[in-house]
Structure formats: C-alpha cells, structure tokens
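One-based numbering, in listed order, for ligands and for the atoms of each. Nothing here was measured: the structure is a model prediction, and the numbers come from that model.
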Amino acid sequence: MYNQPFQIPNFIGGDFVGPASGQYLENIEPATGKSYSHVADSDFRDVELAVAAADRAFGDWSRTPTEQRSRIILRIADLIERDLAKFARAESVDTGKPISLAQTLEIPRAISNFRFFATAVLHTENEAHVTDGIAFNYTLRQPRGIVGLISPWNLPLYLLSWKIAPALAVGNTAIAKPSELTPMTAYLLCEICREAGLPPGVLNIVHGTGPNVGAAITSHPKITTISFTGGTVTGRKVAESGAPLFKKISLELGGKNPNIIFADADLGAAIAGSVRSSFANQGQVCLCGSRVFVERPVYDEFVRQFVAATSQLKVGDPLDEKTDQGAIVSRMQLDKVKFYVDLAQKEGGQIALGGSAPPPPNERCREGYFFPPTVITGLPVSCRTNREEIFGPVVTITPFDSEDEVIGYANDVEYGLSSSVWTQNLSRAHRVAEKIHAGTVWINCWLVRDLRVPFGGMKQSGVGREGGEEALRFFTEPKNVCIAK
Ligand code: NDP
C-alpha cells in the first residue's frame with residue numbers, strides 16, 4: 001500500500017543484508033495500530049559485521065579529499081530533496097506524525113543537516129600557537145575512526161541525519177541504529193546513499209532493539225565514539241557501557257522544559273508560541289515546553305485563550321494534510337501518557353481540556369493510538385506530573401507572582417534541556433536567561449534552530465554539545481603538533 005518494503009534489512013558494507021538471527025520485528029503503524037512491515041531484529045553478530053565493514057572503509061574515506069566527501073554528502077541531500085514526498089509519507093506512516101510536519105519541517109531539516117555539515121567542513125580552520133621564541137604549535141583535527149550513532153523515534157531522520165552528516169563529513173565511518181519503532185526513513189536513506197555514490201562501509205545501519213543492537217554498539221571496543229539521543233535512563237546505560245572503554249560520548253537526553261509567560265508579554269504571540277511548543281508532534285519533541293508558568297495578573301486570561309486556541313487543533317489521520325495532531329508513536333507511549341493524566345488528577349490537577357481518548361478520526365484509524373491535546377491546571381509545582389518527563393500532548397499551567405519565584409520553579413527539576421521566556425522587558429529577558437539551568441533559552445520564540453549554535457542539555461538532560469562547530473569538534477580528535485624553532 002505504501003510502496004515500501006515488507007522487510008527492512010540492515011545496510012552493511014553497501015549491501016542490504018538480513019539479520020544474523022533471521023528474525024524480524026513487527027513494524028506497527030501508530031495511526032492504525034497494525035503491523036505494516038517488519039524490521040531486522042539484529043544482534044551483536046550484525047554489529048560485528050558492520051564494524052568490520054566500517055573498519056575496511058575508514059582508511060580510504062578518511063583520506064578522501066574533504067571537497068570530495070562534501071560533494072557526496074551534498075548529493076545525498078539533493079536526492080532526499082528529490083524524494084521529499086516519499087520520505088515525508090514514510091515518516092508520517094512510521095511515527096504517526098502529521099504528514100504536513102514531516103513535509104515542511106522534518107525532512108527539509110534532514111536535508112539541511114546534510115548540506116550544512118557538507119559545506120561546514122570546507123570552511124574550518126586549524127589553530128596555531130606560537131610559544132615565545134621556542135616553538136610553533138598547530139592543531140590537527142583528525143577523524144576518530146568508527147563512530148556509533150543511536151537515535152530515538154520522535155524525529156527519526158531529522159535526528160539521525162544530525163549525527164550522520166557531521167560524523168561522515170569529517171572522515172569517520174559510522175554504524176547507526178535508529179529506533180526499532182521507526183526504521184523506515186533510515187532504510188530509504190541507505191538507498192539514497194548508494195545512489196549518491198557513498199562508498200560501501202562508510203555508513204552502516206543496523207536495525208533492532210536497544211538491548212541487542214544499541215548495547216552491542218556502545219560496548220564494542222572498536223567503536224571509539226558514541227553520539228546518543230534518547231531518554232535519560234537509557235543515556236545512563238550508554239554511559240556505563242562506554243565509559244570503561246574510554247569512549248568519547250555525547251548524550252542528548254530528556255527534558256521537562258519550562259515555558260514562562262510574564263504579564264508584560266505580547267499575549268497573542270505567547271499563546272500561539274505556547275500552543276506550538278506544547279503540542280508539536282503530539283508533544284513528542286524533547287524541546288516541548290511541558291510546564292507553562294504564567295504571571296498571575298494574566299493567568300486567567302492566558303488559560304482561557306490557551307485552551308480556546310488548543311481546542312482548534314485538529315486531531316486526525318496523520319496522512320490527512322489538514323491534521324494538526326496525529327497518533328502517539330506506540331501503545332506503550334500512549335499508556336504512559338494516560339498514566340500521567342490519571343496521576344495528575346490524583347495529585348489534585350483539573351483537566352481544562354482533553355484528558356481522554358478521542359473518537360477515532362476515521363475507519364482506517366479505528367485502532368490507532370490517539371490522545372488529544374490535554375491541559376491541566378491546579379497542580380502543585382513539585383508534584384510528579386510536574387517533575388517527570390511525559391513526552392506526550394500534556395501540559396500543566398501554573399501561576400507565579402515574581403521573577404525569583406518562577407526561576408526557582410523552572411530550575412527545580414532534574415532536567416535542563418531548554419526553556420522559553422515571553423516578555424517585552426529586555427533587561428528581564430537577559431536576567432532570566434542567565435539564571436535558567438538549560439542548554440537553550442528562547443526569548444519570545446520556540447524551536448528557532450540555527451544549525452551553527454551549540455545544542456545540548458544541562459543536569460540530567462545530557463552531557464556535551466552538538467551542532468555546528470561543537471559537532472565537528474566532537475567527531476574529531478585534536479592533536480597538537482609542536483615544532484621546535
Ligand atoms: P530511548 O532512550 O528509549 O531510546 C533511544 C535509542 O536508544 C533507541 O534507538 C533505543 O533503541 C536505543 N536503546 C535502548 N536501550 C539501549 C541500550 N541499552 N543501549 C544502547 N541503546 C539503547 O528513547 P526513546 O526512543 O523512547 O525517545 C524518547 C526520549 O528521547 C525522550 O526522553 C526524549 O526527551 C529524548 N530525546 C532527547 C533529545 C535531545 O536532543 N536531548 C531529542 C529527542 C528525544 P530501541 O528503541 O530500538 O529499543
């Protein structure tokens with residue numbers, strides 16, 4: 001029906017190969033709750049094959065002139081762009097996200113990731129340090145070898161390409177593992193890589209579960225570097241597995257991001273921005289603002305207008321161009337969302353909107369995993385609903401009385417990924433930005449993502465930064481060469 005393969009194999013050494021186990025996992029379409037393809041259930045044996053292929057490819061690829069590597073990666077971007085509609089549909093079917101989101105934001109962003117890093121490597125500089133009259137130093141930045149790239153299900157190609165592009169552009173070879181829940185666009189990318197002329201073994205994709213494939217990647221002695229995006233609990237396992245082998249590890253983890261609205265904010269802009277930051281991709285974006293804090297003089301008005309604007313979001317079949325809210329990625333994630341909505345009520349919260357499963361949008365989606373945008377008020381700041389990551393279309397709204405109070409609220413969680421602040425007062429914007437514990441602070445906006453800026457989290461939201469120069473540095477090893485005068 002979707003013109004996509006029934007069985008998704010691994011991509012190793014430039015070939016599509018079945019898993020050593022011979023087993024495949026069901027790949028469920030979240031909008032229908034039905035299996036629509038199967039994905040390789042790989043294990044350490046497949047990772048071993050991929051490591052051998054990446055190892056063989058490394059010498060030539062790392063010595064390939066930068067401009068040539070750049071040209072191949074640019075071709076990958078062009079070919080994804082040519083097939084944008086196919087990629088967007090595949091992403092929508094695989095994840096349950098609205099096709100319009102995949103079409104206008106996610107796949108275009110994956111294309112930009114490839115273009116950005118393919119050209120960034122053409123403009124790098126090497127540092128030099130002169131040591132008085134004694135010596136001259138220069139810094140070589142060399143590829144680290146075979147890198148492991150592990151990504152989650154919420155923004156599959158967007159996040160995987162964010163890792164693959166810089167890793168390959170600087171001359172590494174890679175073994176990537178997409179989430180077993182959303183493998184389709186990674187498969188389509190492999191076809192594109194072959195067409196673009198990426199040499200065999202430079203990019204290998206091994207599908208399967210985290211405990212089987214992910215753990216085999218993080219513990220493999222020949223994989224020197226791990227870039228991981230996913231939940232905090234998994235991130236801890238990745239760190240535990242890689243640290244004794246002294247791997248270089250970047251961890252982009254969970255969040256419980258505050259979204260602060262001061263009484264002097266442009267309320268219309270704050271409401272439109274907050275609806276988006278609360279519910280984009282059904283709230284399944286690590287950067288979603290799940291805790292909204294509103295200064296008391298505008299609290300009632302904000303809640304009224306926020307609920308009214310949210311109730312306009314159309315929950316529907318992800319393949320319908322007019323749908324704003326698609327399906328939740330899996331039955332498990334849907335159950336987690338429902339658990340937290342029940343918990344919120346037990347903790348004293350009032351449901352201002354949503355809160356229970358909507359009727360199916362159409363016959364096709366009768367057994368799909370749908371949950372409406374849900375707004376909860378009246379909760380204490382310190383309750384579990386306000387501290388734990390839900391990762392679904394659920395926000396809480398809480399009033400505050402002073403700047404210091406809301407900064408305390410914002411920082412009183414174990415996470416520190418991102419935050420938004422809405423105010424017309426420039427001095428306050430700077431003051432609050434400086435005090436919030438988060439890797440990103442947006443002022444009067446959300447999800448403006450310049451590819452050059454450092455991206456990552458504080459506290460349990462991660463270790464290290466990716467993006468722009470940070471990514472190029474992460475995927476290279478600096479070596480100082482000191483020449484006596
Ligand atoms: P998980 O942590 O469950 O999974 C992330 C990836 O890790 C998947 O590919 C998963 O495989 C794999 N994995 C699972 N167990 C292991 C293991 N033991 N060793 C190595 N890899 C493993 O996250 P989700 O997929 O559920 O994604 C949601 C989470 O990701 C949220 O917490 C969200 O905040 C976070 N996230 C963070 C972002 C950031 O930039 N900071 C961006 C986007 C999401 P599989 O699923 O196939 O079993």
Side-chain angles (χ1 to χ4, degrees), residues 8 25-28 39-44 47 94-95 97 106 109 148-163 175-183 186 205-220 223 226-243 247 249-257 280-290 328-330 332-337 388-392 413-418 438-440 447 449 454-467 470-471:
I8 299 175
L25 301 159
E26 288 200 336
N27 188 20
I28 309 283
V39 59
D41 186 7
S42 313
D43 59 31
F44 68 95
V47 171
D94 223 17
T95 59
K97 68 179 73 242
E106 294 193 29
R109 171 56 189 270
L149 313 173
I150 302 177
S151 59
W153 46 259
N154 62 327
L155 310 169
L157 193 66
Y158 176 128
L159 288 173
L160 201 60
S161 56
W162 169 246
K163 298 179 186 303
I175 297 167
K177 191 202 101 59
S179 169
E180 98 223 19
L181 297 178
T182 55
I205 298 209
V206 183
H207 296 280
T209 66
N212 282 340
V213 177
I217 290 174
T218 58
S219 61
H220 198 292
I223 300 179
I226 303 287
S227 171
F228 172 84
T229 300
T232 295
V233 172
T234 319
R236 189 170 287 121
K237 288 186 194 153
V238 170
E240 279 168 3
S241 161
K247 296 189 184 212
I249 304 178
S250 162
L251 300 171
E252 302 288 350
L253 308 177
K256 189 75 183 172
N257 308 310
N281 199 33
Q282 297 76 249
Q284 302 168 124
V285 179
C286 55
L287 304 167
C288 275
S290 51
I328 306 293
V329 72
S330 64
M332 211 169 103
Q333 194 63 22
L334 178 66
D335 289 345
K336 184 177 173 197
V337 169
E388 298 174 15
E389 187 184 44
I390 302 172
F391 217 57
V413 285
E414 288 172 338
Y415 296 104
L417 188 57
S418 71
T440 297
L447 206 65
R449 291 280 299 112
F455 177 83
M458 295 170 68
K459 302 194 280 188
Q460 294 198 14
S461 287
V463 179
R465 292 291 181 272
E466 297 188 352
E470 302 277 348

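- Within the 4.0 Å heavy-atom criterion, the part of Ser151 lying near ligand 1 is the backbone and not the side chain.
- Residue contacts with ligand 1 for Thr232 are absent, since no atom lies close enough (heavy atoms, distance under 4.0 Å).
- Ligand 1 places these atoms under 4.0 Å from at least one heavy atom of Asn154: 43 (C), 44 (C).
- Formation of a donor-acceptor pair under 3.5 Å by the Asn212 side chain with backbone atoms of Asp41 is not found in this model.
- A donor and an acceptor atom, one from each side chain of Ser42 and Lys177, are nowhere located under 3.5 Å apart.
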(request) Check step by step if side-chain contact (heavy atoms from CB on, under 4.5 Å) holds for Trp162 and Arg109. (result) CA-CA 9 Å; Trp162 169 246; Arg109 171 56 189 270; 3.5 Å; yes
(message) Run Lys163 and Thr229 through side chain to side chain donor-acceptor pair (under 3.5 Å) and show every step you take.
(response) CA-CA 9 Å; Lys163 298 179 186 303; Thr229 300; 2.6 Å; yes
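- The proximity of Ile150 to ligand 1, defined as any non-hydrogen pair under 4.0 Å, is limited to the side chain.
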(request) Apply side-chain contact (heavy atoms from CB on, under 4.5 Å) to the pair Gln284 and Phe391, showing each step before the final yes or no. (result) CA-CA 5 Å; Gln284 302 168 124; Phe391 217 57; 4.1 Å; yes
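- Note that SG of Cys286 is 8.0 Å distant from CD of Glu389, once rounded to the nearest 0.5 Å.
- Residue Ser179 places a heavy atom less than 4.0 Å from ligand 1.
- Contact between Thr232 and Gln460 at its shortest, heavy atoms only, is OG1-O, 2.9 Å.
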(request) Test Val213 against Glu180 for side-chain contact (heavy atoms from CB on, under 4.5 Å), laying out the working first. (result) CA-CA 10 Å; Val213 177; Glu180 98 223 19; over 6 Å; no
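- The contact set between ligand 1 and Leu417, taken as ligand atoms under 4.0 Å from a residue heavy atom, comprises 41 (N).
- Ranking protein heavy atoms by distance to atom 11 (O) of ligand 1, first place goes to Lys177 NZ, 3.0 Å.
- Within the 4.0 Å heavy-atom shell around ligand 1 one does not find Leu155.
- Heavy-atom minimum distance, Gly464 versus Glu252: O-OE2, 4.3 Å.
- On a distance-only criterion, Gly210 and ligand 1 share at least one N/O pair closer than 3.5 Å.
- Heavy-atom proximity to Gly214, at under 4.0 Å, picks out these atoms of ligand 1: 19 (N), 20 (C), 21 (N).
- The closest approach between any non-hydrogen atom of Leu181 and ligand 1 is not below 4.0 Å.
- Side-chain atoms of Ser461 come within 3.5 Å of backbone atoms of Leu417 as a donor-acceptor pair (strictly under, hydrogens ignored).
- Close approach of ligand 1 to Ala215 is summarised as follows: ligand atoms under 4.0 Å from at least one heavy atom of the residue are 19 (N), 20 (C).
- The proximity of Leu253 to ligand 1, defined as any non-hydrogen pair under 4.0 Å, is limited to the backbone.
- When the heavy atoms of Phe228, Trp153, Tyr158, Trp162 are ranked by distance to atom 7 (O) of ligand 1, first place goes to Phe228.
- Listed by atom number, the atoms of ligand 1 under 4.0 Å from Leu159 heavy atoms are 42 (C), 43 (C).
- Checking only distances, Glu180 does come within under 3.5 Å of ligand 1, N or O to N or O.
- Annotation: Ser461 places no N or O atom under 3.5 Å from an N or O atom of ligand 1; distance criterion only.
- Of all protein heavy atoms, the one lying nearest to atom 18 (N) of ligand 1 is Lys237 CD, 3.9 Å.
- Taking the side chain as every heavy atom from C-beta outward, Lys97 and Val329 never approach each other to under 4.5 Å.
- Residues Ser179 and Pro152 share a closest heavy-atom pair of CB-C, 3.7 Å.
- Heavy-atom distances between Gly462 and ligand 1 stay at or above 4.0 Å for every pair.
- The residue among Gly254, Cys286, Pro152, Gly230 with a heavy atom at the shortest distance from atom 35 (C) of ligand 1 is Gly230.
- The main-chain N or O of Ser418 is never found under 3.5 Å from a side-chain atom of Thr440 such that the two would form a donor-acceptor pair.
- Annotation: atom 1 (P) of ligand 1 to nearest protein heavy atom, Thr234 OG1, 3.5 Å.
- Heavy atoms of Val233 found under 4.0 angstrom from ligand 1: none, in either backbone or side chain.
- Which parts of ligand 1 touch Glu252 is read off a 4.0 Å heavy-atom cut-off, strictly below it: atoms 37 (C), 39 (C), 40 (O), 41 (N).
- Ser219 contributes a side-chain N or O that, together with a main-chain N or O of Ala215, makes up a donor-acceptor pair within less than 3.5 Å.
- The closest approach between Gly235 and ligand 1 stays at or above 4.0 Å for every heavy atom of the residue.
- Formation of a donor-acceptor pair under 3.5 Å by the Lys247 side chain with backbone atoms of His220 is found in this model.
- Gly231 N, 3.3 Å is the protein heavy atom nearest to atom 23 (O) of ligand 1.
- At a 3.5 angstrom cut-off on N or O pairs, Thr229 does not count as close to ligand 1.
- Annotation for ligand 1: atoms under 4.0 Å from non-hydrogen atoms of Phe455 are 40 (O).
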(request) Tell me, with the steps shown, if Tyr158 and Val285 meet side-chain contact (heavy atoms from CB on, under 4.5 Å). (result) CA-CA 11 Å; Tyr158 176 128; Val285 179; over 6 Å; no
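- Remark: the backbone N or O of Ala471 is not paired with any side-chain donor or acceptor of Arg465 at under 3.5 angstrom.
- If you check which protein heavy atom lies closest to atom 28 (C) of ligand 1, you get Phe391 CE2, 3.6 Å.
- Only the side chain of Glu389 comes within contact range of ligand 1, with a heavy atom under 4.0 Å; no backbone atom does.
- If you number the atoms of ligand 1 from 1 as listed, the ones under 4.0 Å from a heavy atom of Gly208 come out as 47 (O).
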